[in-house]
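Each remark here refers to the structure printed beneath this line.
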Amino acid sequence: MKRSAFISRQASSLTVIMLVLAFTLSATGIYASDLSDAETLRDKCDREIAELQVPAKNFGDQADLGRLDEGAGLIKLGKVKLLQSKYLEASASFNKYLALQQGLYKSLAEKYMARTEKMADDIAVELVDSKDPKVAEYLKLANQNLKDAKGEMLVERYKNAIRLCRVSKNYSLAAFKAAGKPVPEEYRKDSTDNENRIAQ
């Protein structure tokens, strides 16, 4: 009787040990997954904000720049939480940045659309009498890319809308060169932005 009670107790202890071990292994797996997710989000946010700074600093208003600073703060907070091994909190902060970024891209895309459309119209008026067929070709391509950018706005792909606005502006500016005219000073900022650089 004593022997069977001893064996029973041993079996119970072994079961408890196995359950604890299984739980520990499971928790460790979740922990590692949370870390990996947070690190992936951190790297994505670092890349995204570096790219976002150019359009924001070139054509954003004070509200846009304020949101850019707020976004940088969210990324910094996420990195702090990551260092503190608070992986879920880190991911939450990085995701807040990504949500803010979408709104900021929308605001910037609207500004790009307005500027690109005005450029296309003004340059077309200035160069309409040019005899060089390249001028007409470039102006048509500028308008086609502007139209495509409007389509991207409708489906809320704001980052791509900005990219297409830059392509449109490139064609508009190329029309000056085809016409043998220098690019007006008022468009120097656009030339720099088209190269994905911050205008000084």
Side-chain angles (χ1 to χ4, degrees), residues 40-72 74-75 94-179 181-199:
T40 299
L41 280 169
R42 175 200 61 202
D43 294 344
K44 179 179 181 179
C45 289
D46 278 342
R47 287 192 307 271
E48 292 281 344
I49 198 166
E51 190 174 348
L52 179 59
Q53 284 187 49
V54 178
K57 290 184 177 179
N58 282 342
F59 295 112
D61 57 22
Q62 285 304 311
D64 295 326
L65 294 174
R67 278 194 281 182
L68 184 68
D69 287 342
E70 182 185 347
L74 286 168
I75 294 173
F94 293 137
N95 280 318
K96 280 182 186 176
Y97 164 74
L98 292 172
L100 179 146
Q101 174 183 270
Q102 177 70 353
L104 183 48
Y105 264 124
K106 180 178 186 291
S107 174
L108 292 169
E110 288 167 352
K111 294 175 177 68
Y112 269 76
M113 289 293 302
R115 185 174 179 91
T116 304
E117 191 160 20
K118 186 174 188 312
M119 274 182 69
D121 289 346
D122 291 351
I123 292 172
V125 167
E126 186 168 347
L127 301 179
V128 70
D129 294 327
S130 172
K131 304 300 182 188
D132 192 313
K134 275 286 185 188
V135 172
E137 180 186 346
Y138 287 148
L139 294 177
K140 284 177 185 175
L141 287 167
N143 279 303
Q144 182 57 54
N145 279 278
L146 178 58
K147 182 180 176 182
D148 292 343
K150 288 177 181 177
E152 292 297 283
M153 289 289 288
L154 291 174
V155 292
E156 300 182 358
R157 288 195 289 257
Y158 305 118
K159 185 176 178 180
N160 207 35
I162 288 174
R163 182 186 68 79
L164 288 165
C165 282
R166 284 173 167 169
V167 174
S168 174
K169 290 194 290 180
N170 251 338
Y171 280 121
S172 289
L173 296 177
F176 275 111
K177 294 174 186 174
K181 295 186 175 185
V183 173
E185 188 62 36
E186 64 189 293
Y187 301 132
R188 295 290 179 192
K189 190 176 189 179
D190 300 278
S191 294
T192 303
D193 183 74
N194 288 347
E195 295 169 0
N196 202 36
R197 294 186 294 115
I198 296 171

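Position 1 is the first residue of the sequence; numbering continues from there.
With respect to the salt-bridge test (charged N to carboxylate O, under 4.0 angstrom), the residues Glu152 and Arg163 do not qualify. Salt bridge Arg67/Asp64: present, at least one basic N to carboxylate O contact under 4.0 Å. A salt bridge is absent between Arg47 and Glu51: the closest approach of a Lys/Arg side-chain nitrogen to an acidic carboxylate oxygen does not fall below 4.0 angstrom.
The distance from atom CG of Leu65 to atom CD of Gln53, rounded to the nearest 0.5 Å, is 10.0 Å.
By the 6.0 Å contact criterion, CD on Gln62 is open, its count of non-hydrogen atoms from other residues, nucleotides or ligands being 12 or less. Under a cut-off of 6.0 angstrom, the local environment of NZ in Lys96 is sparse, with at most 12 non-hydrogen atoms contributed by other residues, nucleotides or ligands.
By the 4.5 Å heavy-atom criterion applied to side chains, Asp61 and Lys111 are counted as neighbours. Using a 4.5 Å heavy-atom cutoff, the side chains of Leu108 and Leu52 are in contact. Between Glu48 and Lys159 the shortest side-chain heavy-atom distance falls below 4.5 Å. Taking 4.5 Å as the limit, some side-chain heavy atom of Gln144 sits within range of a side-chain heavy atom of Lys147. Looking at Tyr158 and Glu156, their side chains come closer than 4.5 Å, going by heavy atoms from C-beta outward.
The backbone N or O of Asn58 sits less than 3.5 Å from a side-chain atom of Lys189, completing a donor-acceptor pair. For Thr192 (side chain) and Arg188 (main-chain N/O), a donor-acceptor pair under 3.5 Å exists by modelled atom type.
Contact between Arg197 and Val54 at its shortest, heavy atoms only, is O-CG1, 3.6 Å. The nearest pair of heavy atoms linking Thr116 to Leu146 is CG2-CD1, 3.9 Å. Listed here is the closest heavy atom pair of Ile49 and Gly71: CD1-C, 4.2 Å. Of all heavy-atom pairs between Ala120 and Asn143, the closest is CB-OD1, 4.1 Å.
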Report, one line per pair, each donor and acceptor closer than 3.5 Å where one atom sits in a side chain of residues 124-133; sequence neighbours left out.
{"residue": "Ser130", "atom": "OG", "partner": "Asp132", "partner atom": "N", "Å": "3.3"}
{"residue": "Asp132", "atom": "OD1", "partner": "Lys134", "partner atom": "N", "Å": "2.7"}

Q: Apply side-chain contact (heavy atoms from CB on, under 4.5 Å) to the pair Ile162 and Met113, showing each step before the final yes or no.
A: CA-CA 8 Å; Ile162 288 174; Met113 289 293 302; over 6 Å; no
(Q) Could you go through Leu173 and Lys177, starting from their C-alpha distance and side-chain angles, then the distance that decides it, and tell me whether this counts as side-chain contact (heavy atoms from CB on, under 4.5 Å)? (A) CA-CA 7 Å; Leu173 296 177; Lys177 294 174 186 174; 5.9 Å; no
Q: Mind running side-chain contact (heavy atoms from CB on, under 4.5 Å) on Leu154 and Lys150 for me, showing each step along the way?
A: CA-CA 7 Å; Leu154 291 174; Lys150 288 177 181 177; 5.9 Å; no
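Using cut-offs of 30° and 60° for the angle between ring planes, the Tyr187 and Phe176 rings count as tilted.
Applying the side-chain hydrogen bond (donor to acceptor under 3.5 Å, both in side chains) test to pairs two or more places apart or on separate chains, those with a residue in residues 165-175 are Arg166-Asp193, Arg166-Asn196, Lys169-Asp190, Asn170-Asn194.
With hydrogens and angles left out, the side-chain atoms of Gln101 and Tyr97 include a donor and acceptor closer than 3.5 Å. With no hydrogens or angles considered, no side-chain donor-acceptor pair links Thr40 and Lys44 at under 3.5 Å.
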